[in-house]
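The structure appears right after this line, and notes come after that.
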Amino acid sequence: MKKIIVLLFVVSGFISAQNEFTFEFDYAQFGYDATSNYLEYYYSFAAVENDSVAERYFGMDLLITTEGANADTIVNKRYRIKDNQQKLTSGLPTSLVGVVSFVLPEGKYNIKSRGYLENNPEEVKETNSKVNIVVLYDTTISISNIELATNIVSQNANKESLFYKNTLEVVPNPITVYTTGSPVVFFYSEIYNLFAKGETSPYLLKRTVTNSRGRVINKKEKALRVSEKAIVEIGLVNMRKYATDTYTIDISVFDTTTGKGVSSSKKFFLINPGIKDTLASEFVLADYLASEYGIFSEEELDDMFSKCRYIATSAELDQYEILDSVDSKRQYFYEFWAKRDPNLKTPQNEYKDEYMKRLDHVNIAYTSSYRPGYKTDMGRVYLMYGEPDQIDRYPNETNVKPYEIWYYNNIEGGVNFIFADISGFAQYELLSSTKRGEITDENWITRIYTN
């Protein structure tokens with residue numbers, strides 16, 4: 001989901017030296033009734049301190065709609081959130097964390113959110129995500145999403161707290177990042193539809209933490225004592241002795257009498273530069289040599305780079321330019337795609353598969369005798385943003401050069417891209433777009449008239 005590249009990390013929040021604030025989010029769903037789930041949406045703001053601002057507010061717009069051509073709006077709310085953090089003499093930020101909750105019936109939903117500083121509405125951070133609500137209160141054993149937290153208070157929990165639930169105060173960690181200053185990963189989950197009660201319960205719970213290479217670095221197993229149909233499972237993992245990496249926590253529950261079980265997993269990132277992973281280089285070497293990239297030639301690797309540079313970060317672009325060996329480039333692409341893999345538990349890399357499908361499409365649809373499809377403006381936009389929701393084509397207007405308008409309804413509240421064949425050789429170029437960061441020309445229409 002959703003991270004903004006940053007230059008500075010502080011305590012429990014991100015802040016970019018180039019931005020006034022950051023906006024991060026996460027969510028988890030829990031059982032509510034036989035037809036609906038309870039969705040908790042966690043948010044985090046962090047802002048550079050500014051002594052000229054006596055009282056500051058953040059803004060958050062949240063839109064939840066059903067999927068499909070005839071989407072219904074379920075939630076459309078604007079939140080005004082006071083920044084009540086104490087100012088720091090260092091000028092560094094602290095995080096303001098909160099939660100909003102909704103009851104949603106079973107179905108598929110799109111969630112769009114916009115975070116901004118009230119005194120600077122021009123700088124906006126936007127997020128888009130999809131949520132599939134599958135009813136948890138059913139007839140078979142089920143488990144909620146895992147909520148990651150920075151703390152869970154079980155003794156004398158504040159009942160008035162925004163984060164109070166089931167006798168606990170669970171302080172969420174929307175950025176899902178932990179550091180040397182806060183290395184303890186707290187987690188909260190709920191398990192439903194348990195029927196055996198007492199100490200003879202047949203349920204077995206297993207909890208594991210694995211690193212990005214699938215190596216189990218922490219595990220726990222216990223029999224569940226069930227006194228209710230639904231129970232809460234909480235715990236913590238101290239990551240102080242582990243190296244910087246992406247980790248996955250997995251909670252599985254098995255019915256030992258039937259052999260059936262359910263599981264839930266959650267990724268988090270640890271920043272711990274003081275610990276070196278002595279096995280990392282060995283694992284990476286073995287992994288990338290055994291992967292498809294281990295037999296790529298340098299020409300094939302350079303070709304892949306030219307086709308994937310649209311989705312590379314500026315740091316990744318700079319990194320590739322200084323690589324001076326075929327082995328270093330092979331390792332680069334192994335790591336490039338691995339960190340974009342949305343689900344390390346599956347053998348496929350769904351993100352890469354989708355990108356390659358887009359690449360095949362643009363090379364068929366937009367290739368000409370002048371350049372391959374992925375190097376055209378239309379190809380780049382399709383690779384970066386996917387298939388448009390709508391395309392209006394105007395190939396034969398009187399005294400007007402052929403042009404097209406592409407619409408994306410789920411980006412920044414709706415954006416468009418305007419392409420035209422200015423040269424007359426079926427080479428459509430991007431004239432203007434309402435997408436932030438893309439070229440904008442309010443007078444684009446004057447360029448397409450032939451007279």
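Computed over heavy atoms, backbone and side chain alike; hydrogens, waters and symmetry mates excluded. FYI, the numbering just counts along the sequence from 1.
The closest side-chain heavy-atom distance from L301 to V326 is below 4.5 Å. Taking 4.5 Å as the limit, some side-chain heavy atom of V237 sits within range of a side-chain heavy atom of F187. Within the 4.5 Å cutoff, side-chain heavy atoms of N132 are placed close to those of V134. For the pair S44 and N173, the minimum side-chain heavy-atom distance is 4.5 Å or more. You'll find the side chain of F45 stays beyond 4.5 Å of the side chain of T22, heavy atoms only. Between I152 and L236 the shortest side-chain heavy-atom distance does not fall below 4.5 Å. Inter-residue side-chain proximity for V124 and E412 is flagged as unmet; no heavy-atom pair is nearer than 4.5 Å. Contact annotation: the side chain of I448 approaches that of L431 to within less than 4.5 Å [non-hydrogen atoms, C-beta and beyond].
Taking CG of L317 as the reference point, atom SG of C308 lies at 11.0 Å (rounded to 0.5 Å). Atom CD1 of I234 is separated from atom OG of S189 by 9.5 Å, given to the nearest 0.5 angstrom. Rounded to the nearest 0.5 angstrom, F336 CZ and D341 CG are separated by 13.0 Å.
Proximity of a side-chain donor or acceptor of S265 to a complementary backbone N or O of I249 within less than 3.5 Å is not detected. Checking side-chain atoms of T440 against main-chain N and O of S433 turns up a donor-acceptor pair under 3.5 Å. Listed for the D245 side chain is no donor-acceptor partner under 3.5 Å among the backbone atoms of N211. A donor-acceptor contact shorter than 3.5 Å links the side chain of N193 to the backbone of L136. A donor-acceptor pair is defined here as one N or O able to donate and one able to accept, closer than 3.5 Å; such a pair exists between the side chain of Y192 and the backbone of G31. Side-chain atoms of D421 do not come within 3.5 Å of backbone N or O of K401 as any donor-acceptor pair. Using a distance-only test at 3.5 Å, with no hydrogens or angles considered, a donor-acceptor pair links the side chain of T434 to the main chain of N416. Of the possible polar contacts, one joining the S432 side chain to the D441 backbone as a donor-acceptor pair under 3.5 Å is found. A donor-acceptor contact shorter than 3.5 Å is absent between the side chain of T246 and the backbone of S212. For the pair R340 (side chain) and I311 (backbone), a donor-acceptor distance under 3.5 Å is present.
Annotation: cation-pi pair R330/Y334 absent, no NZ/CZ under 6.0 Å from the ring centroid and within 45° of its normal. Geometrically, K77 does not engage F102 in a cation-pi contact defined by less than 6.0 Å to the ring centre and at most 45° from the axis.
Partner E118 forms a salt bridge (Lys or Arg N to Asp or Glu O under 4.0 Å) with one of R78, R80, K82 and no other, that one being R80. With Y394 as the partner, the ring-ring contact (aromatic ring centres under 6.0 Å, His included) test is satisfied by one option alone out of F419, Y428, Y403: Y403.
Judged by distance alone, the side chains of Y188 and N166 do bring a donor and an acceptor atom under 3.5 Å apart. Between the side chains of Y41 and S113, at least one donor-acceptor pair of N or O atoms lies under 3.5 Å. Looking only at atom types and distance, the side chain of Y374 has a donor-acceptor partner in the side chain of S306 under 3.5 Å away.
L270 and T179 get closest at one heavy-atom pair: CD1-N, 4.3 Å. Listed here is the closest heavy atom pair of N349 and P342: OD1-CD, 3.9 Å. Contact record, F333 with Y320: CE1-CE1, 3.6 Å, taken as the closest heavy-atom pair. The minimum heavy-atom distance linking L323 with S328 is given by the pair CB-OG, 3.6 Å. Nearest heavy-atom pair, V135 versus N37, reported as atom, atom and distance to 0.1 Å: CA-OD1, 3.6 Å. Closest of all the heavy-atom pairs between T66 and D72 is OG1-N, 2.7 Å.
Under the ring-ring contact (aromatic ring centres under 6.0 Å, His included) criterion, Y109 pairs with no residue, sequence neighbours left out.
A tilted orientation is assigned to the rings of Y366 and W406, their planes being inclined by 30° to 60°. Ring orientation note: the planes of Y32 and Y38 are close to parallel, at an angle under 30° on the 30°/60° scale. Between Y351 and W337, the ring-plane angle classifies as tilted under the 30° and 60° cut-offs.
Salt bridge status for E233 with R207: absent, with no side-chain N to carboxylate O gap under 4.0 Å. Using a cut-off of 4.0 Å between Lys/Arg side-chain N and Asp/Glu carboxylate O, D26 and K266 are scored as salt-bridged. Using a 4.0 Å cut-off between charged side-chain N and carboxylate O, K165 and E190 make no salt bridge.
Few gaps surround CD on Q348; more than 12 heavy atoms of other groups in view lie less than 6.0 Å from it. Other residues, nucleotides and ligands place no more than 12 heavy atoms under 6.0 Å from the CD atom of E160. Within 6.0 Å of atom NZ in K435, more than 12 heavy atoms from other residues, nucleotides or ligands are found, so the atom counts as buried in its surroundings.
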| query | Could you go step by step and tell me if D303 and E299 meet the side chain to side chain contact (heavy atoms under 4.5 Å, CB included) rule? | reply | CA-CA 6 Å; D303 180 62; E299 291 76 14; over 6 Å; no
| said: For a salt bridge (charged side-chain N to carboxylate O under 4.0 Å, His left out) check, start with the C-alpha distance between K357 and E387, then their side-chain angles and the critical distance, and finish with the verdict. | reply: CA-CA 11 Å; K357 287 179 182 177; E387 182 180 1; over 6 Å; no
| query | For F58 and Y43, what are the C-alpha separation, side-chain angles and deciding distance, and is it a side chain to side chain contact (heavy atoms under 4.5 Å, CB included)? | reply | CA-CA 11 Å; F58 296 107; Y43 60 85; over 6 Å; no
| task | Could you walk me through whether D61 and Y116 pass the side chain to side chain contact (heavy atoms under 4.5 Å, CB included) test, one step at a time? | result | CA-CA 9 Å; D61 298 339; Y116 49 90; 3.2 Å; yes
| task | List the steps, then state whether side-chain hydrogen bond (donor to acceptor under 3.5 Å, both in side chains) holds for N218 with Y247. | result | CA-CA 11 Å; N218 185 281; Y247 295 86; over 6 Å; no
| request: With ring-ring contact (aromatic ring centres under 6.0 Å, His included) as the test, would you mind laying out the steps for Y408 and F417 before giving the verdict? | output: CA-CA 9 Å; Y408 291 86; F417 293 82; 5.7 Å; yes
| message | As a quick check of understanding, evaluate salt bridge (charged side-chain N to carboxylate O under 4.0 Å, His left out) for K112 and E126, giving each step before the final call. | response | CA-CA 7 Å; K112 299 168 63 176; E126 298 197 355; over 6 Å; no
| side chain to side chain contact (heavy atoms under 4.5 Å, CB included) between T127 and F23, worked out | CA-CA 9 Å; T127 67; F23 170 57; 4.2 Å; yes
| Hey, mind stepping through T248 and D250 against side-chain hydrogen bond (donor to acceptor under 3.5 Å, both in side chains) and telling me if it holds? | CA-CA 6 Å; T248 301; D250 182 273; over 6 Å; no
| said: Using the rule given for side-chain hydrogen bond (donor to acceptor under 3.5 Å, both in side chains), can you reason through Y27 versus N145, listing the C-alpha separation, both sets of side-chain angles and the distance that settles it, and then say yes or no? | reply: CA-CA 9 Å; Y27 60 84; N145 295 144; over 6 Å; no
